[in-house]
Amino acid sequence: MEFPRLLTLLLLVMEWTRPGLSSPLRPICDLRVLDHFIKEARDAEVAMKSCREGCSLSESVSVPQTTVDFDVWEEKNGLDQAHEVQSGLCLLQQALGLLKTSVTNTALHSHLDNCIRNLLSINAVLRSLNIQEYTPPASAAELEGTWRVSSATDLLQVHVNFLRGKVRLLLMDAQACQQDVS
């Protein structure tokens, strides 16, 4: 289970450090990478649902909205879509980090570590697609399209749904992955 993640990370690092390469990282357009991250997010959600002790969130956290109005999404330009996804990834990373500090169940720690690492990897995938890095406002109150959850199960469900929804939509439509058909 650890090997595929290690292999993905190793390939990313090798590509960045390849001598004599002045071009950026080759685009990662294969959605199977995202599917793997979604599977691991689901595994964490299942583990959380079966947890009986030491698995609660210490305080409510801001998370991104996961519902997608496809008409509104399509009207947004690619930069706005990317900013929305990157803001959501940042919120999820912060929320999962807080959850990890409040969880005492050691079995869940590895699941949460995987989720956090996968969010960082998704950011690396976005960079490989030449999607400009975006730093959201420090305060979640300044972000549009957020809400608060107070349970660990709700947080992990939001995590899965965000990956399956807005992240997938952004990656599917990434300019760097579009084939020229002429």
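Heavy-atom basis, side chains included; hydrogens, waters and symmetry copies ignored.
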Visitor: With a 4.5 Å heavy-atom cut-off, do Q94 and V61 have their side chains touching?
Guide: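 No, every pair of side-chain atoms sits at 4.5 Å or beyond.
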Visitor: Any chain of hydrophobic side-chain contacts (each under 4.5 Å) joining V149 to V46?
Guide: no
Visitor: Of the non-hydrogen atoms in A82 and I131, which two are nearest, and what is the gap between them?
Guide: CB-CG2, 3.5 Å
Visitor: Using the disulfide (SG to SG under 2.5 Å) criterion, which residues pair with C51? Sequence neighbours excluded.
Guide: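 Only C55 meet the disulfide (SG to SG under 2.5 Å) criterion with C51.
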Visitor: Could you pull out every donor-acceptor pair under 3.5 Å between side chains of residues 152-160 and any protein atom, sequence neighbours left out?
Guide:
from, atom 1, to, atom 2, distance (Å)
D154, OD2, S151, OG, 3.2

Visitor: For the side chain of Q86 and the backbone of Q132, is there at least one donor-acceptor N/O pair under 3.5 Å apart?
Guide: yes
Visitor: With sequence neighbours left out, what residues match D173 under salt bridge (Lys or Arg N to Asp or Glu O under 4.0 Å)?
Guide: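 Partners of D173 by the salt bridge (Lys or Arg N to Asp or Glu O under 4.0 Å) criterion come out as none, since no residue qualifies.
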Visitor: Which heavy atom of A174 sits nearest to which heavy atom of L129, and what is that distance?
Guide: CB-CD1, 3.8 Å
Visitor: Could you give all pairs that pass the ring-ring contact (aromatic ring centres under 6.0 Å, His included) test and reach residues 79-105, with sequence neighbours left out?
Guide: H83-Y134
Visitor: I need the full list of ring-ring contact (aromatic ring centres under 6.0 Å, His included) pairs touching residues 39-62, with sequence neighbours left out, sorted by first then second residue.
Guide: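 Listed once each, the pairs would be none.
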Visitor: Using 0.5 Å steps for rounding, measure from the CD atom of Q93 to the CG atom of L120.
Guide: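 Atom-to-atom, Q93:CD and L120:CG are 4.5 Å apart.
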Visitor: Is there a donor-acceptor pair under 3.5 Å between the side chain of H111 and the backbone N or O of M48?
Guide: no
Visitor: Please report the interatomic distance CZ(F162) to CG(L119), rounded to the nearest 0.5 Å.
Guide: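 So the CZ of F162 and the CG of L119 are separated by 9.5 Å.
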Visitor: Salt bridge (Lys or Arg N to Asp or Glu O under 4.0 Å) with R168: which residues, sequence neighbours excluded?
Guide: D35
Visitor: Side-chain donor-acceptor contacts of residues 63-76 below 3.5 Å, not counting sequence neighbours, with atom names and distances?
Guide:
from, atom 1, to, atom 2, distance (Å)
D69, OD1, D71, N, 3.1
D69, OD1, V72, N, 3.4
K76, NZ, E84, OE1, 2.2

Visitor: Considering residues at least two apart in sequence or located in another chain, which fulfil the side chain to side chain donor-acceptor pair (under 3.5 Å) criterion with N123?
Guide: none
Visitor: Hey, what do you get for CD1 (I122) to OG (S128), rounding to the nearest 0.5 Å?
Guide: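 Going from CD1 on I122 over to OG on S128, the span is 12.0 Å.
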Visitor: When clusters are formed by joining ILVMFWY residues with side-chain heavy atoms under 4.5 Å apart, either directly or through shared neighbours, do L79 and V85 land in the same one?
Guide: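 Per the 4.5 Å side-chain linkage, L79 and V85 are not co-clustered.
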Visitor: Measuring from atom CG of L89 to atom CG of N118, what distance do you get when rounded to the nearest 0.5 angstrom?
Guide: 11.0 Å
Visitor: Measure the spacing between NZ of K39 and CG of L34 and express it to the nearest 0.5 Å.
Guide: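 Nearest 0.5 Å value for the NZ-CG distance: 14.0 Å.
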Visitor: Might you point out which heavy atoms bring C115 and A41 nearest each other, and give the distance in Å?
Guide: SG-CA, 4.2 Å
Visitor: Taking the side chain as every heavy atom from C-beta outward, state whether R42 and I38 have any pair of such atoms under 4.5 Å apart.
Guide: yes
Visitor: Sequence neighbours left out, what pairs pass salt bridge (charged side-chain N to carboxylate O under 4.0 Å, His left out) with at least one residue falling in residues 100-110?
Guide: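 Qualifying pairs: K100-D113.
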Visitor: If you look only at pairs with a residue in residues 51-61, which of them pass as a side chain to side chain donor-acceptor pair (under 3.5 Å), with sequence neighbours excluded?
Guide: S60-R148
Visitor: Quick one, E40 and E45 - any side-chain contact, counting heavy atoms below 4.5 Å?
Guide: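 No, every pair of side-chain atoms sits at 4.5 Å or beyond.
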Visitor: Output all residues satisfying side-chain contact (heavy atoms from CB on, under 4.5 Å) with D30, sequence neighbours left out; order by chain, then residue number.
Guide: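 Testing D30 for side-chain contact (heavy atoms from CB on, under 4.5 Å), a comparison that skips the adjacent residues, returns R32.
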Visitor: I'd like to check the side-chain contact (heavy atoms from CB on, under 4.5 Å) partners of A107; sequence neighbours left out, ordered by chain and number.
Guide: N105
Visitor: Let me confirm one number: the CG-OG distance from N114 to S121, rounded to the nearest 0.5 Å.
Guide: 10.0 Å
